[in-house]
Number of protein chains: 2
Amino acid sequence: MEPPAPQRRVTIVDVARHAQVSTTAVSKVLRNAYGASPEMRAKVRRAIDELGYRPNAAARGLRGQTYTIGVMLPDIRNPFFPEILDGITDHLAETDYQVFLGPGGCNDEKAEARVTDAMIDRGMDGIILIAPVSSRARLERIASAVPAVVVGRHGHSTVYDTVTDDDVAGAAMLVGHLVDLGHRRIAHIEHHETDPTRIAEMPNAQRADGYRHAMRSLGLAEEIDIVSTTYTQEGGYEGAKQLLARPRRPTAVFAGADIVAMGVLEALTEAGLSVPGDISVAGYDNTTFASFGPISLTSVDQAGHEIGGNAARLLLERIADRRKAPVQVKLSPTLVPRRTTAPPPA
Amino acid sequence: MEPPAPQRRVTIVDVARHAQVSTTAVSKVLRNAYGASPEMRAKVRRAIDELGYRPNAAARGLRGQTYTIGVMLPDIRNPFFPEILDGITDHLAETDYQVFLGPGGCNDEKAEARVTDAMIDRGMDGIILIAPVSSRARLERIASAVPAVVVGRHGHSTVYDTVTDDDVAGAAMLVGHLVDLGHRRIAHIEHHETDPTRIAEMPNAQRADGYRHAMRSLGLAEEIDIVSTTYTQEGGYEGAKQLLARPRRPTAVFAGADIVAMGVLEALTEAGLSVPGDISVAGYDNTTFASFGPISLTSVDQAGHEIGGNAARLLLERIADRRKAPVQVKLSPTLVPRRTTAPPPA
DNA sequence: GCGGTTTTGGGTAACGTTTCCCATCGGGTG
DNA sequence: CACCCGATGGGAAACGTTACCCAAAACCGC
């Protein structure tokens, strides 16, 4: 039994000694900084490899850079986030940055604050906030402490960039699709929202808005029928129950999110109604399960990968220049028609 | 326009000055260390609140502790991980530790190494590896650099603790359930595995093993029928195609994972077979979508929340004493019968 | 060859904590 | 009353890296 190897980690000093140069020189090579000859670079790199040196992120952080980017996502369960994340990591793959996810509690401002504070404490170089529920003021506070990009919140800011999908257009496409199929009585299930800022900024509100506008512009103002519940399976179930109790039942239901559509489908099955024979159903987000054979849900696809890629790009730009003018990127969704929508019963 | 506020962050020195004490004293209060009178604590805490001080994690990291725990999860898409994560965060909620997720690329050893190295570089106090695909040697290397707990890998180690679910028992329960319903020709779709270590350690291999054992012990050795594909929707689709081409078709298919079952269902629908009328289907993991009305998939539930809680507990214990004897926790799964399984056709 | 510029390399002081030590002060003990 | 002890507080040296300097050498055009 040898002593259990205290194993001091290799530091920049070890590398410098091994390569017979100064620590300054090693640091320059590490950061591709100016002032190191090709021979020096080669020599240092060899030493780094031989010793298996890896820079200590804490020490770097103390000096200003951690090469770490934080992504706050409020609910890992939301099957739409992975796409965004892939977009982010793909964009960052070639850089020295490492991505870490901070799990915000589901739609919980407190938890969100805890995570973002933790990211700032850890000196992360930049953070991406995905569909945050925090107040506008809070977002600005965060963004003034660290370069930030906000995904999925409509509404401008002077300190952070935003990337959103055009929810109004998406909702309109869906309504258009249903109308093309011959539907007129099209109902919508929305996520209930009271806070005025959020009504203006949150995607759910925008979808409801898009629904209203589309109905009106297609001459169906009379038929607008919105049920307010939540973006959950239960919310969909409840909403569908309410809609089924209407004297004139809708022939199509546009659920504000795929998960809501799942609840709707359950309620319809329970009521003995067939989809799409008796009633059409559509969701939003084109989540993984929407494509599963037994479900085959008509939905709207947000360009998740592109959203993530853009967010990462904007963040890098902002890290490079913290005072550049904020940018708003708005991407366009696409309709994905599947088997839950069909012409209404004759 | 005022100058855009350079806004130096409040440091321990500021707090010390404001409270008229030494930085040492502040540090002691922060860490609840010995050597500070109640009055001093009160005074310091007041100063901390008044100034809105938050300790710099990088500086702390340089001295040894970062109060950060890393969770490596190979594939955020896997809907089973959120449960584990909840278990972890719930257990850690009362502590000072903050959890960050490192996104390993899907089943990619390289990506896994990158993430774990990044965690070690950042001086994380401990890490939890969820269903890692890395080699045994690599896991031991990681664990010797930082306290670690491995989730979902059977097989002991002298340096890290493990938490697993009893996959053999779970598979056996499922086979038992199908046999009870009257099935005999029960096929299994497994995730193809060649590496010998993994065959012994990975859950997929254990499930296949459990299937074999259960079939044999129920006198159905003759009926053992395994198709090797992958744990993906396509894998399920392919596997089902192969099984349907058999001269004697199975009356039930036990897919090694829920996502595989989705592919199976799709292939069956295509073939015009009804579920469970013509053929029963079961999955494993009890993922969120398994409970959706139109799917209603019979599955096996791993106690995800408990798995996470145990992992967190073991990690804290190991952080407290790095050389404590390794512990292996094995939890028991439960069967969740739903509508995709029924007696075989007469 | 000579001033001046550019290139190359290194010395050293931060960065914000923690931790090891030592100093002081009451008060209890012999 | 001398001595010791525990409790309380602080000084100062790390931790590993980067960035601001400055020095020396090499190169340049005339």
Side-chain angles (χ1 to χ4, degrees), chain A residues 6-45 47-48 51-68 96 118 120-125 145-146 319, chain B residues 6-45 47-48 51-68 96 118 120-125 145:
Chain A
Q7 279 210 59
R8 206 177 51 80
R9 209 180 137 112
V10 177
T11 76
I12 202 172
V13 180
D14 300 320
V15 175
R17 189 167 27 228
H18 191 257
Q20 318 237 50
V21 298
S22 69
T23 58
T24 302
V26 178
S27 177
K28 282 177 183 169
V29 173
L30 280 172
R31 295 171 295 121
N32 283 314
Y34 177 83
S37 63
E39 302 86 57
M40 156 128 309
R41 287 186 191 285
K43 196 163 50 168
V44 170
R45 267 196 243 285
I48 288 175
L51 295 164
Y53 166 75
R54 293 184 60 94
N56 178 318
R60 284 182 145 184
L62 205 48
R63 297 291 309 171
Q65 263 206 288
T66 55
Y67 299 92
T68 310
D96 283 334
I120 295 170
D121 294 344
R122 278 154 189 80
M124 295 198 173
D125 296 334
V146 57
I319 289 174
Chain B
Q7 278 211 62
R8 208 177 49 80
R9 210 180 136 111
V10 178
T11 75
I12 202 172
V13 180
D14 301 319
V15 176
R17 189 167 26 225
H18 191 258
Q20 318 237 51
V21 298
S22 69
T23 59
T24 303
V26 178
S27 179
K28 282 176 183 169
V29 173
L30 280 172
R31 296 172 294 118
N32 283 315
Y34 176 85
S37 62
E39 303 86 57
M40 154 127 315
R41 288 186 191 284
K43 197 164 48 168
V44 170
R45 266 195 245 284
I48 289 176
L51 295 170
Y53 166 75
R54 294 183 60 94
N56 178 318
R60 286 182 144 183
L62 205 48
R63 296 293 308 175
Q65 263 206 291
T66 55
Y67 299 92
T68 309
D96 283 335
I120 295 170
D121 294 345
R122 278 154 190 80
M124 294 199 173
D125 295 335

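Chain naming here is simple, since letters A, B, ... match the order of the sequence lines and numbering starts at 1 in each.
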Whole angstroms only, please: what is the [atom1]-[atom2] distance between [X] and [N]?
X        : N      : atom1 : atom2 : result
B:Asn56  : D:dT17 : CG    : P     : 16 Å
A:Arg41  : C:dT7  : CZ    : C1'   : 12 Å
A:Arg54  : D:dT17 : CZ    : P     : 12 Å
B:Arg63  : C:dC15 : CZ    : P     : 17 Å
B:Arg60  : C:dT19 : CZ    : P     : 10 Å
B:Lys28  : D:dT8  : NZ    : C1'   : 7 Å
A:Asp125 : D:dT17 : CG    : P     : 16 Å
A:Gln20  : C:dG9  : CD    : C1'   : 14 Å

Looking at [X], I'd like to know whether one of its side-chain N or O atoms comes within less than 4.0 Å of OP1 or OP2 on [N].
X       : N      : result
B:Thr11 : C:dG16 : no
A:Arg31 : D:dA19 : yes
A:Tyr53 : D:dT17 : yes
A:Thr24 : C:dG10 : no

Quick one: which of D:dT18, C:dG9, C:dG16 gets closest to the side chain of A:Met40?
C:dG9
Residue B:Leu62, side-chain atoms from C-beta onward, closest of C:dT18, D:dG16, D:dG10
D:dG16
What nucleic acid atoms does [X] come within less than 4.0 Å of, heavy atoms only: base, sugar-phosphate, or nothing?
X       : value
B:Ser37 : sugar-phosphate
B:Ala36 : sugar-phosphate
B:Ser27 : base

Judged by nearest nucleotide, the residue sitting upstream toward the 5' end of DNA chain D, B:Pro38 or A:Ile12, is B:Pro38
Please name the pair of heavy atoms, one in [X] and one in [Y], separated by the smallest distance, quoted to 0.1 Å.
X       : Y        : value
A:Ala25 : A:Met40  : CB-SD, 3.4 Å
B:Ile48 : B:Val15  : CG1-CG1, 3.8 Å
B:Tyr67 : A:Arg122 : O-NH2, 3.0 Å
A:Tyr53 : A:Ile12  : CE1-N, 3.5 Å

Using modelled atom types only, decide if a donor and an acceptor are shared between the side chain of A:Arg9 and the backbone of A:Arg54 within a distance under 3.5 Å.
yes
